[in-house]
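In what follows, chains carry the letters A, B, and so on, assigned in the order in which the sequence lines appear, proteins first and then strands, with residues in each chain numbered from 1.
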Protein chains: 2
Amino acid sequence: MADKVTIGDVARYAKVSRQTVSNVLNSPEIVREETRRRVRDAVKALGYRASQAARQMRTGRSRLIAARIEPAQEDGINGSVFDRFLHGLTESAARAGYRVLLYTADDHGAELATFDDLLGAYDPDAFVLTSTDYGDPRTTWLLEQRIPFVTFGRPWGVPPERGYPWVDVDGAAGTAMATRYLLDAGHRRIGFLGWPEGSGVGDDRRAGWARTMAAEGIGAAELAELDYRTSDGVPEGEAAAGALLDAERPVTALVCVSDSLALGALQTRRRICVIGFDDTPVARAVGLTSLSQPLAEAAASCVSLLIGQLDGDGAADRARGAAESPPAHRLLQPSLVRRRSA
Amino acid sequence: MADKVTIGDVARYAKVSRQTVSNVLNSPEIVREETRRRVRDAVKALGYRASQAARQMRTGRSRLIAARIEPAQEDGINGSVFDRFLHGLTESAARAGYRVLLYTADDHGAELATFDDLLGAYDPDAFVLTSTDYGDPRTTWLLEQRIPFVTFGRPWGVPPERGYPWVDVDGAAGTAMATRYLLDAGHRRIGFLGWPEGSGVGDDRRAGWARTMAAEGIGAAELAELDYRTSDGVPEGEAAAGALLDAERPVTALVCVSDSLALGALQTRRRICVIGFDDTPVARAVGLTSLSQPLAEAAASCVSLLIGQLDGDGAADRARGAAESPPAHRLLQPSLVRRRSA
DNA sequence: TTTCAGAATTTGATCGTTCAAGACGGACTA
DNA sequence: TAGTCCGTCTTGAACGATCAAATTCTGAAA
């Protein structure tokens, strides 16, 4: 194993000083063309790569982004969504010269402790949070500590002045699209299988269905009939779909808040069109039409929002003690993947 | 944000020297009891945490373990297996004072380049490889560079003298267990839905079924009839199961090399018992009996094998230029999760 | 030729930790 | 009494990079 090549080795090889090599790497514009070329050749010839540890010592920047890897959920079907997001995150981060550091935590309290731990030891430059919920203590803590972060998920119920950058997928637009698709196919009794009220994501997805149905002239009373709420899970979906199908005026199609519920609905084996949400592997496997989140794009957006804070004028802003521009955010559109079920 | 607490701050507070603080942290046994206590109090009072970057500078150890996050597979159903492994890895590593650094790579070539990149910049102490295959160039490369690593997956086709530490789940024992279970339930025409010959994992799983059937007195000719090979995927499974069911002497039960194939078999909706492999979320969702890999335990084993190399006498061994003891490994047993399908 | 501004490059200090070697005091030995 | 040793603690140097300031170089104007 070749001994470590240091910036000094490169400097000697290129017959310049350490600092010039450093400049070629970090601010090439201030180095004369010919010197720059010589240094770059030396870097290539020796296979030099800057030691992240040494750089971090001086600059205080670790080029590390911390992300929590979530435990496999009870139901697990939706787990792969996060998996794909994480993959995209790793790729986008690498392109921007950052790496993803994983951590786990069982609850918000443990997660705050982990933040502190990580910041003390590895000192990541930023965090990416997922599964944000109402009154999330993590965002508050990070804002207080002035640690850069982004969330994948909107700040549900957070007043705008406490805003922070986020990326999310427009769930309402997705369910609206699905509903419109079913309406165009001639359906009118289109039910919605959703979660109990109170989850940001769930309520948002329900809203898209509701407003599309309302625009079609369907009244509130009928909507209430068509709106079924249950906790997530395949058996729950089967039961709920059964209830809606056995009603006096049965549904002919269902928009579901998750693939788990949609899969349950499919398992009733009744003549019914079903559309799920998240386009999980299961959906692909069983031919379930589903709304697909652009996860790679979401991850890329997260990284670019972070980079804006980190490499951009973020430091300057924080020094001035003022965040003048409101935090950036991005709302992405899901797409409908047509399969046998609808 | 409190300024960073350094070892010097702690030293001043405890009225000792920097080095004594360092000793309390790294070799407490050489410090007098009372001093040790005083230093520990100071550490707690100030909330000190050693800077990983500075430590790495001096010791050359990053306390980072690199793992590749695999792209979601075509079929994706089995993706969650890796996901759960990664979660376990992160947890076990944290317990041992290590963190997991993610990277991606599209093929082995790109992965070798990434190894080099990572080692140059972040200098992880070890790698965890998954999805090893025959003649894997990655293990050869890492062995040559004398970089510690473990694989989750046996060294298929690697001569013992080029051995390295690994952890794996005994697939053959799993399919043997499944086959035995079906035999005990009275089945005799038990088919095996497997992948084409040539994959280590696939062949191993087939072997467990074959040897259990043979032990039951079923001849080679009949075994060949019952053994179906196809590429992975739900439609493929459906087709294969159909063929075995429509044969002159149809099967009454199926052991499958993956949940994808098993799910396909289930979708034939024929009266047949099916057992899958991996206990994926889909299996849980549709009530598929499946073999479950102890992923958390596998991850913990990977970490402990690595720690043995890293914190143990690994450095001394390497200094002596001799690996006297053969690399350690662990073969774990899967378990059968009974559900409706068998 | 001299002067000078600006560009290009170099030098010394520093980040926070651990290593290697040295200092100090007390006990034990000769 | 002096010498030696051991346990405990301290001091200076080093890891490899960047920052800040000093220095040298370049070319144009006086």
Side-chain angles (χ1 to χ4, degrees), chain A residues 2-40 42-43 46-64 97 119-123 125 311 315 319, chain B residues 2-40 42-43 46-64 97 119-123 125 311 315 319:
Chain A
D3 336 57
K4 192 157 284 182
V5 181
T6 76
I7 204 170
D9 299 330
V10 177
R12 216 167 306 121
Y13 188 100
K15 297 196 173 53
V16 294
S17 70
R18 297 187 317 276
Q19 184 59 38
T20 299
V21 177
S22 172
N23 286 336
V24 170
L25 270 70
N26 302 304
S27 4
E29 69 282 2
I30 69 166
V31 178
R32 194 169 17 135
E33 163 96 33
E34 195 259 332
T35 316
R36 207 186 309 162
R37 201 184 40 66
R38 215 167 64 236
V39 170
R40 290 210 164 118
V43 165
L46 300 177
Y48 168 78
R49 248 175 297 272
S51 149
Q52 187 45 51
R55 173 176 285 173
Q56 178 177 355
M57 271 272 261
R58 198 66 249 251
T59 62
R61 308 280 302 277
S62 61
R63 305 195 78 85
L64 243 34
L119 288 168
Y122 294 84
D123 200 17
D125 291 336
D311 297 351
Chain B
D3 337 54
K4 192 157 283 183
V5 182
T6 77
I7 206 171
D9 299 329
V10 177
R12 215 167 306 122
Y13 188 99
K15 298 196 172 49
V16 293
S17 69
R18 297 186 316 274
Q19 185 59 38
T20 299
V21 177
S22 172
N23 286 336
V24 169
L25 270 67
N26 302 305
S27 7
E29 69 282 1
I30 69 166
V31 178
R32 187 158 36 117
E33 162 96 35
E34 195 258 329
T35 316
R36 206 187 308 161
R37 203 185 38 67
R38 217 168 62 237
V39 170
R40 289 207 167 122
V43 165
L46 300 177
Y48 167 77
R49 250 177 295 273
S51 150
Q52 185 45 50
R55 173 175 286 174
Q56 177 177 354
M57 271 273 263
R58 196 67 249 249
T59 62
R61 309 280 302 277
S62 61
R63 304 196 78 84
L64 244 32
L119 288 168
Y122 295 84
D123 200 16
D125 291 336
D311 297 351

Could you state the atom-to-atom distance from CZ of B/Arg55 to C1' of D/dG16 in whole Å?
18 Å
Might you work through the side-chain contact (heavy atoms from CB on, under 4.5 Å) test for B/Leu25 and B/Ser22, ending with a clear yes or no?
CA-CA 5 Å; B/Leu25 270 67; B/Ser22 172; 5.8 Å; no
Look for any protein N or O under 3.5 Å of an N or O in nucleotides 19-23 of chain D and output each such pair with its distance, or none.
unit_1, atom_1, unit_2, atom_2, d
D/dC19, N4, A/Gln19, OE1, 2.4

Give a yes/no answer on whether the side chain of A/Ser17 brings an N or O atom under 4.0 Å of OP1 or OP2 in C/dT10.
yes
Identify, between B/Met57 and B/Thr20, the residue whose nearest nucleotide on DNA chain D lies closer to the 5' end.
B/Thr20
Is there a side-chain polar atom (N or O) of B/Thr35 under 4.0 Å from OP1 or OP2 of D/dC9?
yes
How long is the line joining CD1 of B/Ile7 and P of C/dC15, in whole Å?
15 Å
Among B/Val24, B/Val31, B/Asn23, find the one that has a side-chain contact (heavy atoms from CB on, under 4.5 Å) with B/Val39.
B/Val24
Between C/dT17 (P) and B/Arg49 (CZ): distance, integer Å:
12 Å
Please work out if B/Ala50 contacts a base, only the sugar-phosphate, or nothing of the nucleic acid, heavy-atom cut-off 4.0 Å.
sugar-phosphate
Rounded to the Å, how far apart are A/Lys15 NZ and D/dC25 C1'?
19 Å
Starting at CG of B/Asn23 and ending at P of C/dC19, how long is that distance when rounded to a whole Å?
9 Å
Starting at atom CD1 of A/Ile30, determine the distance to atom P of C/dT9, rounded to an integer number of angstrom.
9 Å
Does A/Gln56 reach the main-chain N or O of A/Arg63 with its side chain, forming a donor-acceptor pair under 3.5 Å?
no
Can you name the closest pair of heavy atoms from B/Tyr48 and B/Ile7 and give their distance?
CE1-N, 3.4 Å
Mark yes or no for whether B/Thr59, through its side chain, and B/Arg55, through its backbone, hold a donor-acceptor pair below 3.5 Å.
yes
Carboxylate-amine/guanidinium contact B/Glu34 B/Arg38, below 4.0 Å
yes
Without decimals, in angstroms, what is the distance between B/Asp123 CG and D/dC15 P?
16 Å
I would like to know whether B/Asp123 and A/Ser51 meet side-chain contact (heavy atoms from CB on, under 4.5 Å); could you show each step before the answer?
CA-CA 8 Å; B/Asp123 200 16; A/Ser51 149; over 6 Å; no
B/Arg32 atom CZ is separated from D/dT10 atom C1', nearest whole Å, by 14 Å
